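Okay, structure first, notes after.
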Amino acid sequence: MALTTAGVAACGKCRYFDQASTESHGASLGLCRYNPPISQPTQDSHGVWPKVEASDWCGHYERAEA
Ligand code: SF4
């Protein structure tokens, strides 16, 4: 069964894609802000947001406002 989002969804077009936080890492990389940070390696470190490529996608995709 084909996924309905395949070929349509892309992190780069998603409302949860935060490219501004990763601009120094290249134009195609961003953070996914759909969920809270997923881990905190040590007590004093920051939580980790998933890094995704603009061409990635997942089932939570929602088209960003134009
Ligand atoms: S991983 Fe999913 S929710 Fe996150 S930016 Fe990509 S498509 Fe959107």
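One-based numbering, in listed order, for ligands and for the atoms of each. It should be emphasised that the depicted structure is a prediction, and the values quoted were computed from it without experimental measurement. Along the sequence shown, the residues carry numbers beginning at 1.
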ring-ring contact (aromatic ring centres under 6.0 Å, His included) partners for Tyr16, two or more places apart: Tyr34

Side-chain touch Val52/Cys11, heavy atoms, less than 4.5 angstrom: yes

For atom 2 (Fe) of ligand 1, every protein N/O/S atom that sits closer than 2.8 Å, waters excluded: Cys58 SG

Ser28 versus Glu53, closest heavy-atom pair with distance: OG-OE1, 2.8 Å

Heavy-atom closest pair, residues Cys32 and Trp49: O-CE3, 3.6 Å

Atom pair CG (Leu29) and NZ (Lys51), whose distance is rounded to the nearest 0.5 Å: 6.5 Å

Close side-chain approach of Lys13 to Trp57, heavy-atom, < 4.5 Å: no

